[in-house]
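Beneath this line is the structure, given in C-alpha cells, with notes to follow.
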Amino acid sequence: MQDQNITKILIPEDEVKAIVKRLGAEITAHYGQLPRELMVIGLLRGSFIFMADLVRKIELPLVVDFMTVSSYGDGTISSGDVKIVMDLDSSVEDRDILLVEDIVDTGRTFSKVIRMMSNRSPRSLKVCTFLNKPEARVADVQIDFCGTDIPNEFVVGYGLDFAQGYRHLPYVGVLDPS
Ligand code: IMP
Ligand code: MG
C-alpha cells in the first residue's frame, strides 16, 4: 500500500530489512567482549522503529534506554538549540554507549546530543543512524554506523514523520511537498 502523498518509495521494505541486518552485523563485529552490557540509546520519537529492529540484529548482551530532545527553530529548520525533554533513566558513566538516531540532516541535533553524552563520561561512545543526508550537513558529526546516504529530500516512514504522521509506513518514501 502506497500513501497518495508519497511521490516515490526511496527505500522499499526489503531494502530496509537488509540495511538493518547489515548494521546489526557491523555493530556485533565491532564490539568484542565488553565488561558490561552495551547500552543502546534511542532518540525519540524518530528512532523507535529502527531501534526495535536493530537491537534484534545485535548479537551481544545489551540494555536499552531512550531520551527525547527537541530543537527549537522556526519549525522546519532546526536551530541547534537542543533541549532535553525526557532524560535517560540510567547513568551512562563508564558504560559502552551506542546512540541511535533516525536521520542526520544538518547534524545540529545529533552533534549536540553527542557532546552532552560525552560530557557524562561514558567508557565509549559510538553513533549509529539509519539515514544520512550528507548534502544538508552544517554541524560536523562522526557517524560510526550508517544505514544509507539519501539525497536532500524530505522523507517519511520507518519512524520518520511529517506532523507526527507517516511513522508507521514500513518503507521510506518521499513526501509530496505540496
Ligand atoms: P538535524 O538537527 O538537522 O540533523 O535534524 C535532525 C532531526 O530532524 C531528525 O532527528 C528528524 O527528526 C528531523 N528530520 C530531518 N530530516 C528529516 C526528513 O527528511 N524527514 C523527517 N524528519 C527529518
Ligand atoms: Mg529525530
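Because only heavy atoms are used, hydrogens play no part in the values below, and waters and symmetry mates are left out as well, while side chains stay in. By convention here, the first residue in the shown sequence is residue 1. Every number for a ligand or one of its atoms is a count from 1 in the order of the listing.
Inspection of the S124 and D96 side chains reveals an N or O donor paired with an N or O acceptor under 3.5 Å.
Nearest residue to atom 11 (C) of ligand 1 from T109, I103, N152, V141 is I103 (criterion: closest heavy atom). Taking only non-hydrogen atoms, the option from V155, L160, V113 nearest to atom 20 (N) of ligand 1 is V155.
Put simply, part of D161 is less than 4.0 Å from ligand 1, judged by heavy atoms. Contact annotation: V156 has no heavy atom less than 4.0 Å from any atom of ligand 1. Note on ligand 1: F110 sits outside its first shell, no heavy atom being nearer than 4.0 Å. Not a single heavy atom of G46 sits under 4.0 Å from any atom of ligand 1.
Of all atoms in ligand 1, numbered sequentially from 1 with element shown, those under 4.0 Å from a heavy atom of T106 are 1 (P), 2 (O), 3 (O), 4 (O). Proximity to D105 (heavy-atom distance under 4.0 Å) selects the following atoms of ligand 1: 1 (P), 3 (O), 4 (O), 5 (O), 15 (C), 16 (N). Each of the following atoms of ligand 1 lies closer than 4.0 Å to a heavy atom of E101: 10 (O). Within ligand 1, the atoms closer than 4.0 Å to a non-hydrogen atom of R108 are 2 (O), 4 (O), numbered from 1 in the order shown.
Only the backbone of E153 comes within contact range of ligand 1, with a heavy atom under 4.0 Å; no side-chain atom does.
With sequence neighbours left out, E26 forms a salt bridge (charged side-chain N to carboxylate O under 4.0 Å, His left out) with R22.
Note: F50 and F130 have tilted aromatic rings, judged against thresholds of 30 and 60 degrees for the angle between ring planes.
Taking the charged nitrogens against the carboxylate oxygens, E153 and K133 have no contact shorter than 4.0 Å, which rules out a salt bridge. A salt bridge is defined here as a Lys NZ or Arg NE, NH1 or NH2 lying under 4.0 Å from an Asp or Glu carboxylate O, and R120 with D87 meets this definition.
No side-chain donor-acceptor contact under 3.5 Å links R123 to the backbone of I97. No donor-acceptor pair closer than 3.5 Å links the side chain of T68 to the backbone N or O of V85.
Rounding to the nearest 0.5 Å places CG of N5 at 9.5 Å from CZ of F162.
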